[in-house]
Amino acid sequence: MYAYVIRRLFSGLVMLIVMSFATFLMFFNGAVDPVRYTCGKACGVPGVLERNRAMLGYDDPVPVQYAKFVKGVFVGRDFPDDPALRKSAPETIARCDAPCLGYSPKENSTVTSMLAERAPISASLAVAAFIMWIAFGVGGGIVAALYKGRWPDKLIVGTALIFYAFPTFFIGLFLYKFVAIKWELTPQPVYTAFTEDPVAWAMGLFLPGLTLALFYIAGYIRLTRSYVIEAASEDYLRTAKAKGLDKRTILWKHTMRSALTPLITLAALDFAGLLGGAIITETVFNYQGLGKLAVDAATTWDLPVTVGIVLTLSTIVILANIIVDVLYAVIDPRVKLA
Amino acid sequence: MNRTKASSVIALSAVAVLGLSACGGGTTGNNNGDTGATGGAATAGGDLLYLTKRPAEHLDPQRMYIGRDIFTTGRTVYRSLFQFPAGEKDATKAQTPIPDIATEVPTSSDGKTWTVTLKEGVKWQDGKDVVCEDFKYGVSRAFAYDVLDGGPFQYPTQYLDIPKDKDGSPAYKGPYSKKGQALFDKAVTCKGNEITYKFNKPWGDFPLAVAGLRVFDPYREDQDKGAKNNFVIFSNGPYKLDGTWTKGKGGKFVRNDQYDPKTDEGTRQANPDTITFEEGVDESIITDRIVAGAGNDANAITDRVVRPPSYSKVEPLKDQTTLVDSPYVFYLVPNMSRVKDVNVRKALATATDNEGWVGALGGDKAAVAATSIINPSLPGFQENPIFSKIPAAGDPAAAKKILTDAGVKMPYPIKLTYQGGDPTLDKAMGVIKEGWDKAGFKTSLDPLTETYYDIVNKPNNDSDVFQGGWGSDYPSAATVIPLLFDSRQLSASQVGNNYGQYKNKAVDQAIDKAALITDPIKAGEAYSAIDKTISEDYGYIPNYIQRFYFIRGKNVTGYEQTEATSMFADLGTVGVK
Amino acid sequence: MSIQPPAEDLSTDVVATAAEEVGATKIEGRTPWQLVRMRLRRDKTTMFILVVVLFGLIMGITAPILSRLGVLDPFSGNRELIDVTGGGLPLGRFGGVSWAHPLGVVPGTGQDVLSRLVLGVTYSLGIAVSATLLAIGLGTFVGVVAGYSRGWLDFWLSRLIDLTLTFPQTLMLIALSPIVVRLLTDRFGVPEGDIANGMYVVGVLGLFGWPIFARVIRSQVLSIREREFIEAARSLGANNRRIYAKELLPNLWAPILIYSTLLMPQFISAEAALSYLGVGIKPPTPTLGNVLRDSIQYAESDFIFFFFPALFIAILVLSLNLLGDGLRDALDPKADR
Amino acid sequence: MIGRAHHAPSSTVALDAPRDESALLRVEGLKVHFPTEDGLVKAVDGLSYTVPAGRTLGIVGESGSGKSVSSQAIMGLHRGSRAQVSGNIFFDSTDLLQIGDEQLRRMRGRDIAMVFQDPLSALHPYYTVGNQIMEAYRVHHNVSKSAARTRTIEMLDRVGIPNPDKRIDQYPHEFSGGMRQRAMIAMALINDPRLIIADEPTTALDVTVQAQILELLVGLQEEFGSSIIIITHDLGVVAEMAHEILVMYGGKAVERGSADEVFYTPGHPYTWGLLSSMPRMDRARLERLRPIAGNPPSLINPPSGCAFHPRCPFMDEAKYHCVSQVPVFNPELPHPVRCAIPEGERHVIFEQKVKPSL
């Protein structure tokens, strides 16, 4: 078990290194001088390009930049890394403590602190969406499977498909403009920190969470439904029936156990993906989460932030994969960790 | 018309300028609502909500260059030597500086030396007095413009009497490197509570610049952490920042107990107990929320115009809306290095359908067609004889004839580059394309997002026409024509604000001459004359003046939009029920 | 919460077994194609959906021709049809619906909405089809090579799949846009504007869209490999290329067909989402995405204009999804979804 | 027949089985039909047989002959599905087709138990073997977990699983094929049922293990005195253990007799085919196994007359009317055969043409 986890962590680390280096090549070896995308319109101010280039170390070759970045993750970094300047004019130096994911001259802030500020919002949204999509998606899928081929099945699957067919931003804006503002059926989707007011936190998360969940619900209904139907046709359920077990035990103990086990891992991976922010939903509802930060950074070309987010999100995905693999071994006795 | 554009297109480039609305003497604003104190007399107390889409880029006074930010902070947390009066309905008076921390607005006999006396008893939020050295330190920060980028640093760096290096930059490099500190110490001096600025040329507009910008504001050296302070507010006004400011989300102002209203006359009523800024909210959502008026949304004001799709919804709420002309003029600039034939430029101008453009932007609540790059409300404005002759809807047939007579090959390809990101502007550009194509051009639209700045700043770019927008920094055409058309800002690597790379020695010389005129009306007439010269070259094509169609919450009182705050809502008078 | 088990039981096993046993004798002598056609013909819903999809395809193919002929006019403004003082909203009821403009006109410009949507179908479908071809082509290639080679090549290709899946797709799509578009125009001489932007969207959707399908194909190849006929073909001295061409690919067409049909609606939605975020083909060229991006502003003031672009997308996405399901049922009846 | 009530009254059913009221299980005129998109599948079409207490019946046939479907009908495993079941199944004097779901559920596992073909797929992969056996016990006995556990270990020991106290906590995939089948048998026997239905219990196992399992079943039958129905496609499996053998084809019985009768004087050409395709240890193999030519019949549109006629090497319409008339199966006879060829001629054909090559 431990050996497996360690091996898995190691391969994840290798993946992370390859992935991060590929990211550096993509962004810093492209057709465009990267420093032009660190200052927006301030790039036109005399001296800013030169200063940013020196500050961010963009005059180094890509492998050197990469090495400095990696070093910064572990020990922190100064922007610019100039000991002389640190003595004479500390105001012009930005200290970026470990784990340092870069510095944005445009925002005058370290990428790490920007991520840390936004992460709770995305995590809240992910939790809200997760609860709703599991409740509606898995619940709906089970009901659909139980009534396979009859009207509740068709209604559930059909409704989910129709929601799925409309683009997320359309549904989000529709919910926001009509359901929340015009008809005032739901609380205003404004983010409040959990620590500030848990009730307001939950109320504000309802619509964005639902919007995000709707994107997943259709898929989960279909998956759950087919898993339950598949599980119900397994030989061991015939055995359970032949033993004289009652329907309830057969359904909840035997069918669901095998139908939902693969769903757990899928849901865990999707949830992990969401932790990195939901770009469209956060944009529609003006939730200042990682997704909004990402899209703002990408569209205004704040390169250090973009790179920092790409790397963070990828790390989450890699980690989640490892966790899910280990988790799967725990919940499915057939999987051996060798 | 629209939102982001209002300020972001304007803030086109490095030295993007916007700020004060116009009007030194003329009248402004064909206001269709009532523009007096609206919603009843303001009383103290309550929580004001300020909804906006576009986040503040800087809250550091030396780095601010967006009119909205300059005035929202100026009425709440930052005091200056001078300021414009609040709630002043007379446009001329509204744009005449009155003393703030200064005991009076001084005059200068030669326009080069300005000495200002500070009031006693003005305190920072930590209880320390605002002293002369704070002002001196504040303006010194403008010289560190590579670290503290974004602000209107060109005014102190060009005018203060400090020698220049070979590359044209000032020999003083700012308070961090302290290079050339002695030179700066000679240009700005403190004697007790008297501060003296020495300029290298006459600058009669100095009080206007102080009141209209924040670059001359005081700053406490012991609080300075360089660029890290971008969203830090160290207040000397009636409010202070509660907690931290988060870009994209906003922040909350609460009362500053160190503020003494007795030192402050006629401007900052500071009615609400708190002011909450909520950033990043889409315009249509802002409108919807204020119309619905649930909870705190009834206490909301905004700097974002009502968008055309929401007009019908806002129509019944006449006493919660205002419609005024903004100080911003939008225009197109032909790239002179590519479109070299004046007849082609003339044909472009002749075929430009400003009426259709205004329609696409949402009609007369969004914009009015413009005939000059100088806002008619600026002092000394003269009608532009070239563009006012072209029909607002354009004349593609005449344009085609011009092209045919010029003997150019048709269809003539034109690449029109603009800052995209807004579907309404995309539609409007489609109208321009339609008109031009009818005249014999083959227009390709090139909407760019943030790469726009990168592209337009390169002298060798391959765009034929750019879009721009401009508002004067303070009420004078001196902050329009020279900034946009002086060819001396062009270099091998930069075009500055002169995107069209317009070069005309006669214009450069006329600009120098006009700068020496001290009478505001005469100066304005001189700039209008230069405008005519540029128009004869078709160095730009005027499009429209943006209009501000604003909505506010039903509980908002004392609501004012005057020239003193560039037609944005004046936080100095506003209150909530 | 407990869900009461319904009267009918889930156990279809016996029926399925019996039916299969019957099927085994009944379908004897029929080619898989005939079988699929037979099942499809019996599936009324899927046949209907197929008609809808074909209609969409025909619409997409003919729209550029109709625009050139002047039957459709997606670009010309009709200023007389909009209310210049009322925010540019169309004059007349229901967003300016008339015989000349069955779905009304675009607020602000007075362009014909139907024409823009029909031509939008061309562009959206064009993007979706091209991206699907790219993703499926790449996925098939990598999947077949990995599945058939096993060993180190399989290992590295599988890692490549993992690696590609690690990247945050949407973010990369937005973030890489200026770099790659510039690369296309400056280094590869692709014309600027619609062509470069369209190529970018197709390319990046395709490049991030292939890995999951490659996995499917790889496992499919692995299982087919195990079947005897490959062994048989090999023992008869067939060389590798012949094995790929003659034995493997005919067995892969079912997943290829199913996944192509299911990827397309994903890409149509993706195009719309990217347009919303400002990436991709820009107006005045209409795509369903950029028309919708404009129209969502008019939720309350011009419902017709607000609703129809979304409806066009929804119908395309829904029908393609249902078609994919129908195909799956027909091609692989055991996968009961 | 389509649309007919699921449980037809017994009076409408033609009885073709001897009325042995003392038998433990009596199946009379059983029909199991499945409506499908292609038509009505008559998986079992009028089947009758009896199983006396303590005896073993072997049901033999190809896949699709209806042998599994008929035995699952006894357990009521078709209930709630689209299957249409009619006829009578008397267990003691209870008609299993008439009683309610709950009553039948209580009988499942307790009175009638089943051993399935593939023990790997028939055991739940996520629960331990012990858990599943204990569950089978506790559903019919109100005992504590530890009592059930003791009983389970005892049964595991009884079916020959070594270290039962350890194996009880293992998962099915940790068992070998033979051990899994033993566990299945333990699960079936734990409630001491009177009838065990073993559906292809050895098919998924390799040959040496097959013999062990069959031996185990025979031994346990002697010890517990249960009746057994053993279903198989392999005559060899039933050769040693069945008292009586029923051969099914196309959903119908085609031959019934004692094991000796069926093996030594088989009457139906289909049985001949089964015998000749059976590997025999007791004689030298002269040629390769000869599987019966052709495919099993369609159950939707069965061949007219004798369902076996398309595959029957001795079919002769002119002489026997194999195609035009359904042959009669007279259950009153001790060794009934459903064949159009008169018995005398059949005997000649068997002795002259078939027997020498067996």
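First the proteins, then the strands, lettered A, B, ... as listed; each starts at 1. Values reported hereafter were calculated over all heavy atoms of this structure, with side chains retained and with hydrogens, waters and symmetry mates removed.
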Main chain of [Y], side chain of [X]: is a donor-acceptor contact present, judged purely on distance under 3.5 Å?
{"X": "D:S121", "Y": "A:D235", "value": "no"}
{"X": "A:H254", "Y": "D:H124", "value": "no"}
{"X": "D:R108", "Y": "A:K243", "value": "no"}

Run the side chain to side chain contact (heavy atoms under 4.5 Å, CB included) check on D:M114 and A:R238 step by step: do they pass? CA-CA 10 Å; D:M114 219 163 161; A:R238 198 177 51 188; over 6 Å; no

Residues that D:D101 engages under side chain to side chain donor-acceptor pair (under 3.5 Å), provided they are two or more places apart: D:R79

Filtered by a 4.5 Å non-hydrogen cutoff, the part of residues 208-221 of chain A contacting chain D is none

Mind listing the side-chain donor-acceptor pairs of residues 135-144 of chain A below 3.5 Å, one per line with the distance, residues two or more places apart or on another chain?
none

What are the two closest non-hydrogen atoms of [X] and [Y], and how far apart are they?
{"X": "D:M184", "Y": "A:T239", "answer": "CE-CG2, 4.1 Å"}
{"X": "D:Y126", "Y": "A:T261", "answer": "CE1-OG1, 3.2 Å"}
{"X": "A:P333", "Y": "D:P125", "answer": "CG-O, 3.4 Å"}

Inter-residue atom distance D:L120.CG - A:Y236.OH, 0.5 Å rounding: 10.5 Å

By number, which residues in residues 127-152 of chain D have some heavy atom less than 4.5 Å away from chain A? D:Y127, D:N131, D:Q132, D:E135, D:A136, D:V139, D:H140

Which answer fits D:A113, side chain, backbone, both or neither, if we ask what part of it has an atom under 4.5 Å from a heavy atom of chain A? neither

Examine whether an atom of D:R106 lies under 4.5 Å from a heavy atom of chain A, and if so say whether it belongs to the side chain, the backbone or both; otherwise answer neither. neither

